Protein chains: 2
Amino acid sequence: MEDWWRLTGEHPVTRSLRLLWHGLPPARKGPRPSLTLDQIVRAAIAIADAEGLDALSMRALARELNVGTMSLYRYVQDKAELMHLVLDHVTVRTVEDGTPATDWRTMLETISQDARQMYLAHPWLLQVNWSSPVLGPGSVGDLERTLSSLTELPFSDRERIMLVTLLDAYVTGSVRQEVLFDQASALTDLTYEEFWELQLPFLEAAMESGRFPTMAAMSEDSFSGGWEETFELGLTLLLDGVEREVARRESASHASPPND
Amino acid sequence: MEDWWRLTGEHPVTRSLRLLWHGLPPARKGPRPSLTLDQIVRAAIAIADAEGLDALSMRALARELNVGTMSLYRYVQDKAELMHLVLDHVTVRTVEDGTPATDWRTMLETISQDARQMYLAHPWLLQVNWSSPVLGPGSVGDLERTLSSLTELPFSDRERIMLVTLLDAYVTGSVRQEVLFDQASALTDLTYEEFWELQLPFLEAAMESGRFPTMAAMSEDSFSGGWEETFELGLTLLLDGVEREVARRESASHASPPND
DNA sequence: GCAGACTAGCGTACAGTGTCCGCAGATAGC
DNA sequence: GCTATCTGCGGACACTGTACGCTAGTCTGC
């Protein structure tokens, strides 16, 4: 394990955490900064929302803010750090949409559906290929909200975290399929129907080859399930599975699970 | 709906499909091509496997194949088309790992676990932000394999496709979490433990603020669930949900579902 | 065999990306 | 007032994808 960052000062992750939790340090000597971190992050989100992730370059951001490109590096160390701030900031949005707690199943449904809507509103989020290695106020707040709705679920703390994680995996995986398909549709200028129209001659030849007997025998509407319907089916199955586990535990002991 | 591509010949999607299903057309006049599509695709996969998606540029690929960069454009129209070929080709891999069919649950487990392993072996796949808008021999073959293991499941064809889709969503979402985290870990030169070490001062201050009561009360090992364990939990829940639906249908009518 | 048409290889050039380096001017502290 | 620190940002560089067009190689028809 190399400690290269100890020789040069602050680790980049610590720097990102500092910015997230405390913001920029107060200005001391020198000209007053003309921008705030919040302005930069908001402008970045606006560009990505309007034109997609690829449009979000440092130059585009500088243009949007009417500053020189290199000025931005006075506020963030590099683009990765900017994206950490951006990702956490978008997550803050979901915290504000508070919903009164009822039962855990309804809460998990609502939270998952809200998350889906959030990702559909910011499809570029699912195209970012960095995991934010930092937990900022946004993501911690989001996690708090979710966990606070699971207190009546007879699972250990550890199991709750695992449940939240896998639900997030399902939501992001599901919406990413949809987002990428919609993008391909827009890029190729094809609707769903037109895509199948182009595909058909090749599929028909393949089906006649005898190599795909199960698919050849499928009915015509097999691919007609929509994205939302598919998402809801998966969510239902997941939550049914949780219910089954809950019932199993309650019939086994009526006791709370070990809180290890 | 603009038909701009009709003016210039073949739609890019049709061209990709042609390459996928029939390969390059036979050479007519002119020098013999020095490469095959297969060579190009394999070299691209090797680069991505060895050095990640960002390392896969047309220049890097040309260097690997000892040709000029622009030569590649004699074989593929642009990088997007190359990626369509690459994505379908990687999928071919999974078809060859045939497993004898037993019951639908075991099959779905195996297929999902195999898919997870495949993605872990090619983590860059989950960082590609194009959905392949084409169904080539690889993806159709993969789908055939999966569907042929679901024949005894009392679901309609349409429901089967939805089930396969949502399972894929879950697998990709789950592995992508892991892949992105591992990447962040490598980029920041931090282990999981070191990450938490840096995070802790900020989290402790946040917990003392009283803003996150549920999280502040959680036990120390809450985040100790591993990626594989979390994946298996979610898969179990999903399949438990399917079982519950199957049982519901069998107790309702003992009849096959409508095959609409 | 030759000319014309077609084809593969690929160099040059361009527009775009992220960001290093360092200069000029503005502010604070002594 | 002087020195140290700080902001803004231009010029430069290495890298990306790919349009354009030249050269040389192969096939076909006469």
Side-chain angles (χ1 to χ4, degrees), chain A residues 8-10 12 15-16 19 23-37 39-40 43-44 47-48 51-86 124 127-130 187, chain B residues 8-10 12 15-16 19 23-37 39-40 43-44 47-48 51-86 124 127-130 187:
Chain A
T8 58
E10 198 177 25
R15 188 190 142 88
S16 291
L19 291 189
L24 286 168
R28 299 186 302 157
K29 304 179 184 180
R32 300 301 83 180
S34 63
L35 297 173
T36 63
L37 267 185
Q39 276 175 300
I40 294 172
I47 292 171
E51 299 168 59
L53 187 62
D54 286 346
L56 177 52
S57 64
M58 301 305 269
R59 284 182 170 85
L61 184 54
R63 270 196 307 268
E64 181 75 23
L65 293 164
N66 286 303
V67 296
T69 304
M70 298 311 296
S71 299
L72 296 178
Y73 292 89
R74 296 292 188 191
Y75 300 82
V76 294
Q77 189 147 70
D78 50 29
K79 193 171 175 185
E81 185 168 276
L82 171 66
M83 296 312 297
H84 294 161
L85 302 181
V86 165
W124 50 274
Q127 301 181 343
V128 177
N129 284 325
W130 298 280
L187 285 178
Chain B
T8 57
E10 197 176 26
R15 186 190 143 90
S16 291
L19 291 189
L24 287 167
R28 299 189 299 158
K29 304 179 183 179
R32 300 301 86 175
S34 64
L35 298 173
T36 63
L37 267 184
Q39 276 176 298
I40 295 172
I47 293 171
E51 298 169 60
L53 187 63
D54 287 345
L56 178 53
S57 65
M58 300 304 273
R59 284 180 170 86
L61 184 54
R63 268 195 307 269
E64 183 73 24
L65 292 163
N66 286 304
V67 296
T69 305
M70 298 310 296
S71 300
L72 297 177
Y73 292 88
R74 296 293 185 188
Y75 300 84
V76 295
Q77 189 147 69
D78 50 28
K79 194 173 176 186
E81 185 167 276
L82 170 66
M83 294 314 296
H84 294 160
L85 301 181
V86 165
W124 51 273
Q127 301 181 340
V128 177
N129 285 324
W130 299 281
L187 284 178

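Computed from a predicted structure; not experimentally measured.
Distance CG (Leu61(A)) to C1' (dT19(C)): 14 Å, rounded to an integer number of Å. As a whole-Å value, the separation of Met58(B) CE from dT17(C) P is 20 Å. Atom CE of Met83(B) and atom P of dG17(D) are 11 Å apart (whole Å). Distance, Glu81(B) CD to dG17(D) C1': 15 Å, rounded to whole Å. Rounded to a whole Å, the CG atom of Leu56(A) is 12 Å from the C1' atom of dT17(C). Rounded to a whole Å, the NZ atom of Lys79(A) is 16 Å from the P atom of dT16(D). Nucleotide dA8(C) holds its P atom 12 Å from the CG atom of Leu37(B), rounded to whole Å. Leu65(B) places its CG atom 14 Å from the C1' atom of dC10(C), with the value rounded to the nearest Å.
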> Do Arg63(B) and Ile47(B) pass the side-chain contact (heavy atoms from CB on, under 4.5 Å) test, and can you show the C-alpha distance, the side-chain angles, and the key distance before you say yes or no?
Replying inline: CA-CA 11 Å; Arg63(B) 268 195 307 269; Ile47(B) 293 171; over 6 Å; no

> Where do Leu53(A) and Met83(A) land on the side-chain contact (heavy atoms from CB on, under 4.5 Å) test, with the steps shown first?
Replying inline: CA-CA 11 Å; Leu53(A) 187 62; Met83(A) 296 312 297; 4.2 Å; yes

>> Run Leu61(A) and Leu82(A) through side-chain contact (heavy atoms from CB on, under 4.5 Å) and show every step you take.
In response: CA-CA 11 Å; Leu61(A) 184 54; Leu82(A) 171 66; 3.7 Å; yes

>> Would Thr36(A) and Leu24(A) count as a side-chain contact (heavy atoms from CB on, under 4.5 Å) here? Give the steps.
In response: CA-CA 8 Å; Thr36(A) 63; Leu24(A) 286 168; over 6 Å; no

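Within residues 24-32 of chain B, the residues that have a heavy atom under 4.0 Å from DNA chain D are, in order of number, Arg28(B), Lys29(B), Gly30(B), Pro31(B), Arg32(B). Proximity of residues 68-76 of chain B to DNA chain C (heavy atom under 4.0 angstrom from any strand atom) is restricted to Gly68(B), Met70(B), Ser71(B), Arg74(B), Tyr75(B).
Phosphate proximity of dG8(D) to Ser34(A): present, with a side-chain N or O under 4.0 Å from OP1 or OP2.
Ser34(B) OG to Gln39(B) CD: the interatomic distance, rounded to the nearest 0.5 Å, is 7.5 Å. With rounding to the nearest 0.5 angstrom, the CH2 atom of Trp130(A) is 8.0 Å from the NE2 atom of His84(A). Distance check, rounded to the nearest 0.5 Å: CD of Gln127(A) to CG of Leu56(A) gives 12.0 Å.
Under a 3.5 Å cut-off, the side chain of Tyr75(B) and the backbone N or O of Ile40(B) do not form any donor-acceptor pair.
Taking the nucleotide of DNA chain C with the nearest heavy atom to each of Arg59(B) and Arg59(A), the more 5' of the two is matched to Arg59(B).
Across all their heavy atoms, Ala60(B) and Ala55(B) have their closest contact at CB-O, 3.3 Å.
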